[in-house]
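What follows is a set of notes on a single structure, which appears directly below.
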Amino acid sequence: MAAPAARSGGGYSSCLNTVRTTLAARSLHTEEIPIPARPSRNPFRVLGQHRNFRLFWTGQTLSLVGSWMQTMAVGWLALQLSNSAFVVGLVASVGALPVVFLSMHAGALVDQGDRLRIVKVTQAIFLLQAVTLWLVTLTGFVSIPLLLALSFVQGLCSAIEIPARQSLFIQLVGRDDLQSAIALNASGFNLARIVGPALGGLVIARFGIAWCFGLNALSFVAVIWGLLRMDVPAPVARAAATMSEVLRQSSIGAAAGVRYLLQPGSVRELLALVTVGALFGGPFLTLMPVVARDQLGLGAGGYGALLATLGVGGLTGALLVAGPIAHRASRGGTMMAAALAFPTALVAFAYTTRPLLAHAVLFVTGVSMITFNALSNGILQLMVEDRFRGRLMAFYSLVFIGLSQAVGSFAMGALANALSAGHAIAMSAVVLMGASIITVRRSSFWRSV
């Protein structure tokens, strides 16, 4: 009878030691992984916590001021040279054609390459394009064919740069701060939209339109400086490949990306709404010079002020998303509310004939447009697998830049030429409103994000 007692005592001791070991391990585990801090509502918190993103955001925002000056000046220059709403839309659409045809291949290359290096190289090419535009305009050699050619070069570069830059965010801030980083990037974009066009109007009035392009070229120094100072781990080196092999792999990767993104599910449903929004919502920007001059009776300065007001609204929406909205459980509901508000505001803008009322409507347009864009971008990036992130952002740029400008701007310019700019904007907004209503009623993904 002694043997069982001894075994019982040994079992108790062994069990006690196991409990102690487990508790000690849990204690150590708790010390190694800190308890997450309560989410901050400060939209600028991500800048303080991530040095690489701070360098990126600062340089990018300064550069975007120049880019918005150039965007505003190109539209006005095209209108001056041609006096045609159709040509204004054509210039915008030609710059988007490379994005339409090359984005998915570029996205496949981005998923396999060094994203930071790709962004550095493409920003340098943007600098050269801006310098060329400055020189030909300053010397009087600018023409519609040359403007089309330079826009096409910019589109070629954008097809690669956009997916590389957008998919780089997660390397700079991680998954937890991705939504805030995307929204804060949108805030920089809209801050530049406020400053750039307003400054562009002053520059045109004082020094001439060419200097908008010259200042844009100078602004690229800021973004390149920030990129050179960033410290991002280089990707695993890959074996050298021939050009034919690179093209073959990019084609295979592009096809795989399309199949992944368009398989039934939440990603496809949200991408469908994003596509309709890009085709029928975004192109209203192309016709803003026409609305400013012909419908509101404004000059270059007034057109710049309209873009600035749109930027104030966009900045407001972006900061709301970067701060309180990023940590809400009902981000999907906010996104769909913005998807309904945006086309409603566009219809109001389409038939506004008073500048003061146009500014008020454009503020609402900016808030709703950027709120939807920032939330949809962040939600999509969190939905997909990391290995498809570059191709997701390539598809995103395909619809927002490529289809929006190459198809949407061209069609809206032609429609405006046949009817009026206001009618063209209103008709497109009604289509977008219908798509948003259908998504709210038939889809359920937005309730769970």
TODO: For Leu340 and Met433, work out which heavy atoms get closest and say how close.
DONE: O-CE, 3.4 Å
- [ ] Evaluate side chain to side chain contact (heavy atoms under 4.5 Å, CB included) for Ile144 paired with Leu90, printing each intermediate quantity in order.
- [x] CA-CA 10 Å; Ile144 291 297; Leu90 181 64; 5.7 Å; no
Task: Partner residues of Phe284 under the ring pair (Phe, Tyr, Trp, His ring centres under 6.0 Å) criterion, sequence neighbours left out - done: none
- [ ] Might you work through the side chain to side chain contact (heavy atoms under 4.5 Å, CB included) test for Leu227 and Leu116, ending with a clear yes or no?
- [x] CA-CA 8 Å; Leu227 292 171; Leu116 180 58; 3.8 Å; yes
Open item on the list: Which residues pass the ring pair (Phe, Tyr, Trp, His ring centres under 6.0 Å) test with Tyr260, not counting sequence neighbours?
Closed with: Phe388
Task: Point-to-point distance, once rounded to the nearest 0.5 Å, from OG1 of Thr309 to CZ of Phe363 - done: 9.5 Å
Task: Closest approach of Pro343 to Ala429 (non-hydrogen atoms, all atoms of both residues) - done: CB-O, 3.3 Å
Task: Asn377: side chain to side chain donor-acceptor pair (under 3.5 Å) partners, not counting sequence neighbours - done: Gln166, Gln381
TODO: Just jot down the side chain to side chain donor-acceptor pair (under 3.5 Å) partners of Thr371, sequence neighbours excluded, or say none.
DONE: none
Open item on the list: Quick check for you: to the nearest 0.5 Å, what is the distance between Ile204 atom CD1 and Cys212 atom SG?
Closed with: 4.0 Å
TODO: List in chain and number order the residues that pass side-chain contact (heavy atoms from CB on, under 4.5 Å) with Ala305, two or more places apart in sequence or in another chain; answer none if no residue qualifies.
DONE: His359
Could you tabulate the donor-acceptor pairs under 3.5 Å formed by side-chain atoms of residues 118-125, not counting sequence neighbours?
{"residue": "Thr122", "atom": "OG1", "partner": "Ile118", "partner atom": "O", "Å": "2.9"}
{"residue": "Thr122", "atom": "OG1", "partner": "Val119", "partner atom": "O", "Å": "3.0"}
{"residue": "Gln123", "atom": "NE2", "partner": "Glu161", "partner atom": "OE2", "Å": "2.9"}

Open item on the list: Checking Ser158 now: which residues fulfil side-chain contact (heavy atoms from CB on, under 4.5 Å) with it, not counting sequence neighbours?
Closed with: Val99, Phe126, Gln154, Ile162
- [ ] Kindly give the heavy-atom pair with the smallest separation between Leu147 and Leu77, and that separation in Å.
- [x] CD1-CD2, 4.1 Å
Task: Over all atoms of both residues, closest heavy-atom pair of Ala181 and Val173 - done: CB-CG2, 3.8 Å
TODO: Calculate, to the nearest 0.5 Å, the distance between atoms CG and CH2 belonging to Leu64 and Trp57 respectively.
DONE: 10.5 Å
Output side-chain donor-acceptor pairs under 3.5 Å for residues 69-76, partner residues at least two apart or in another chain, one line each.
{"residue": "Gln70", "atom": "OE1", "partner": "Asn216", "partner atom": "ND2", "Å": "2.6"}
{"residue": "Gln70", "atom": "NE2", "partner": "Gln129", "partner atom": "OE1", "Å": "3.3"}
{"residue": "Thr71", "atom": "OG1", "partner": "Ser67", "partner atom": "O", "Å": "3.0"}

Task: Contact summary for Leu62 and Ser219, nearest pair of heavy atoms - done: O-CB, 3.8 Å
Open item on the list: Suppose we screen for ring pair (Phe, Tyr, Trp, His ring centres under 6.0 Å). Which residues come up paired with Phe349, at least two apart in sequence or across chains?
Closed with: none
Task: Residue list, side chain to side chain donor-acceptor pair (under 3.5 Å) with Gln49, at least two apart or on another chain - done: Arg45
Open item on the list: Taking Asn373's backbone N and O only, do any of them form a donor-acceptor pair with Ser376's side chain (distance below 3.5 Å, no angle check)?
Closed with: yes
- [ ] Apply side chain to side chain contact (heavy atoms under 4.5 Å, CB included) to the pair Met230 and Phe53, showing each step before the final yes or no.
- [x] CA-CA 8 Å; Met230 287 167 54; Phe53 184 72; over 6 Å; no
Task: For Val364, side-chain contact (heavy atoms from CB on, under 4.5 Å) partners two or more places apart - done: Ala345
TODO: Run the numbers on Ser436 and Leu432 for side chain to side chain contact (heavy atoms under 4.5 Å, CB included), then give the verdict.
DONE: CA-CA 6 Å; Ser436 299; Leu432 177 55; 4.2 Å; yes
Task: Donor-acceptor under 3.5 Å (Thr58 side chain, Leu55 main chain) - done: no
Task: CG on Leu287 to CG on Leu79, rounded to 0.5 Å - done: 10.5 Å
- [ ] Only counting residues at least two apart or in another chain, list the ones meeting side chain to side chain donor-acceptor pair (under 3.5 Å) with Arg293.
- [x] Asn83
